[in-house]
Amino acid sequence: MGISEIFGSNVFSESVMRQRLPEMAFREVKQVLDHGGQISLQTADVVAKSMMEWAVEKGATHFTHWFQPLTGITAEKHDSFITYPREGKTILRLTGRQLIMGEPDASSFPTGGLRATHYARGYTAWDITSPAFIKEMSAGKILCIPTVFVSYNGESLDNKTPLLHSMEALSKQAIRIVRLFGNRDAIRVIPSVGPEQEYFIVDKEMYLKRRDLIYTGRTLFGAPAPKGQELEDQYFGVIRERIGDFMRDLNLELWKLGIPATTQHNEVAPAQHELAPIYTTCNVAVDQNQLTMETMKRVATQHGLVCLLHEKPFAGVNGSGKHNNWSISTDRGENLLDPGDTPNENLQFLLVLSCIMKAVDEHAALLRQSAANVGNDERLGADEAPPAIISIFLGSQLEDVVNQIYEHGSAEACIAGGQLITGVSTLPVLDKDATDRNRTSPFAFTGNKFEFRSVGSSDSIANANTVLNTIVADAFSQAADVLEQAEDFSKALNDVIAQNIRDHIRIIFNGDGYSQAWVEEAARRGLPNHSCMVDAVPALTSEKTVALFDKYKIFTRTELESRAEVMYETYTKIKSIEARTMVHMAGKHYVPAVVRFIARMSDSVNKARMACPDADTGVQQDLIRRSSALLTEAYGELNALNRAVEQLGTMSDVPEMAHFCRDAVVPHMKRLRAAVDSLELIVDKDLWPVPTYGDLMFEV
Ligand code: ADP
Ligand code: MG
């Protein structure tokens, strides 16, 4: 089969529905797909039957409502199509009701107190805008129906419901903007997203020897390998055969699911890689990214490999993130972020741009929060990923336009893109982009889209996009409120653009985001800098945020409070798992290994002296002294960490526990690690109980 036959073969797509559904039913579905609303129960029955027949033809045996609870990963419970057997035979069935609604036991998903266990009702409801698909797993082929997940009282318990609301809010407000510029045709404005996904691949045998990788997805100990990423010879380097095999199978599996995986390359760190799909509608991109992560893990296992999606699997080498490429277009295909050749004259673009500046500046802390997860704390601001400070990079052309408006109220000219002349006569003259690049910026304009680069590699991109859509919708709404009433539209338009730019110029930063100078400069500008997730959470429940989400009916205050609670809880849980894993590894692996090493050295000293009384045993003695001192230190930290974990067990206030982890648990983890890592450099390799960084990163 060629790519074009494989692509989407496991998706119950619009074209499959067009082929297989009776015309009336298809028309009703199409109406909902294009204009929103709900299909009737009769039509749902027809769609369900057709969907099941299609799935059974493909070998599916079960179906599941596939949803995205607040754990950040997807959840599913498989039900088979079989019905109660009669005369020893069963009829396969999927009803319209089963298609559109499900009721998983919601009590074990995080809800942040929204629902006590005895009110365990939660419902999943079919998200018709995201197509159903078949997942091929060792458990069989499963028909997956994308759904949202809500509580008995209608509160959202997932990441999908708010995302869909935010898309509606954005569409509604953006339509007001394009109407102001005479656009009468567009019915909707749709955000598009293309997430670039970074990941690490390690050998499964070695992975299984490390409890930290197994329990926490990252190495909690490990001295740097002699060779790191300093030569940058891995970046865009030739892909190794074993990884190549994995990538080939991964692409195939993704294509079957209709995921347009298109770019693959090695990343900066050894054993790190990246995959990018072609961008698509925001909610579909969110689903597809979840599926991509799942598929990466599954396919890796089939190759005797393990895919690590943790934001920082290895200390001292680059971690992994996601670049959330985001743009907004009308249903007629006009990209509102396309500046054209002369952005200074493109007033609609300038209005949109100035609104985005306002949105990002006013809600910088919230946007930062939307990319907060535990693993990302190890990455943001570590000189490799964007800092925890949110700022916007525009590139020289737009920055110049913005500066002109800032100073004079309008922009008379703009820098042209120009051509890149290589000087080699046989090479083509390349058209140069008008925007250069800045890898250090968390929110960068890249030609006709913004790239939000703070999101963690293991995280869902749902929250980041919910926040982006909503804050931009709000800035649009405020601009439209003024402009729709204006008597002199041109003048009012210039005023709004200039005002937005003057009020929010501080969010623009084109320099080196990794530098200490920027940290200080950002503080002078009053930009928030929340380097720890625990500090990022309060932005979720600030009065500003509550008012924003309430205005567009995306989250209620209660929902926000519960989400904040879930974040604190998650932080605490993950930190205590990490701490307990460290206690285990130090106590059961490292300390005994060092004791053996000291015994070996002592033995050597004694034997050497016996054999040759005047032999110099200074080296062995020095090794004994140094390792014993480090062992004492490690052992002290191990006990201190253990006590901290025990103390945590006596606490019950969730935010307090998170703070305790950050302030009283993490510091011991760091010191324990430092002592053990120093020991790793002293102790014989054959005694060291786990694979090292060198083994993990260079032997795949
Ligand atoms: P870059 O090299 O600038 O990072 P690429 O062309 O490699 O850009 O694209 C990176 C990701 O951005 C891809 O997933 C791509 O599909 C996506 N992308 C490209 N254009 C847009 C757009 N207008 N809106 C959203 N995503 C986009
Ligand atoms: Mg990119």
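Counting convention: from 1, in listed order, for ligands and their atoms alike. All residue numbers in this chain count up from 1 along the given sequence. All values reported here derive from a predicted model rather than from experimental measurement.
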Asks: Using the ring of each side chain (for Trp, its six-membered ring), is W518 parallel, tilted or perpendicular to F509, with breaks at 30° and 60°?
Replies: parallel
Asks: N/O of W326 under 3.5 Å from N/O of ligand 1, yes or no?
Replies: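 No, W326 has no N/O under 3.5 Å of an N/O on ligand 1.
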Asks: Pairs of nitrogen or oxygen atoms closer than 3.5 Å, one from T446 and one from ligand 1: do any exist?
Replies: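 So ligand 1 has no N or O lying under 3.5 Å from an N or O of T446.
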Asks: Can you figure out which of P277, A276, P191 has its heavy atom closest to atom 14 (O) of ligand 1?
Replies: P277
Asks: Could you please spell out the steps behind the side chain to side chain donor-acceptor pair (under 3.5 Å) verdict for T129 and N283?
Replies: CA-CA 8 Å; T129 61; N283 62 318; 2.9 Å; yes
Asks: Report the residue from F393, W326, F443 that forms a ring-ring contact (aromatic ring centres under 6.0 Å, His included) with F450.
Replies: F443
Asks: Side chain or backbone, does I278 bring an N or O within less than 3.5 Å of an N or O on ligand 1?
Replies: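 In fact, backbone or side chain, I278 has no N or O that close.
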Asks: With a 4.0 Å cut-off on N to O distance, would you call K172 and E168 a salt bridge?
Replies: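 No salt bridge links K172 with E168.
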Asks: Take every heavy atom of T263, measure it against each atom of ligand 1, and state whether any distance is under 4.0 Å.
Replies: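 T263 does not count as a contact of ligand 1 under the 4.0 Å cut-off.
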Asks: Is D287 salt-bridged to K160, going by a charged N under 4.0 Å from an acidic O?
Replies: yes
Asks: Just jot down the ligand 1 atoms closer than 4.0 angstrom to any heavy atom of S192, in number order.
Replies: 25 (C)
Asks: My understanding is that we take every heavy atom of each candidate and find the minimum distance to atom 24 (N) of ligand 1. Doing that for G194, G447, S327, which one comes out nearest?
Replies: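 Looking at heavy atoms only, the winner is S327.
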Asks: Keeping the roles fixed (side chain from T147, backbone from W126), state whether a donor-acceptor pair exists under 3.5 Å.
Replies: no
Asks: Is H323 touching ligand 1 with its side chain, its backbone, both, or neither, if touching means heavy atoms under 4.0 Å apart?
Replies: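 Answer for H323: neither.
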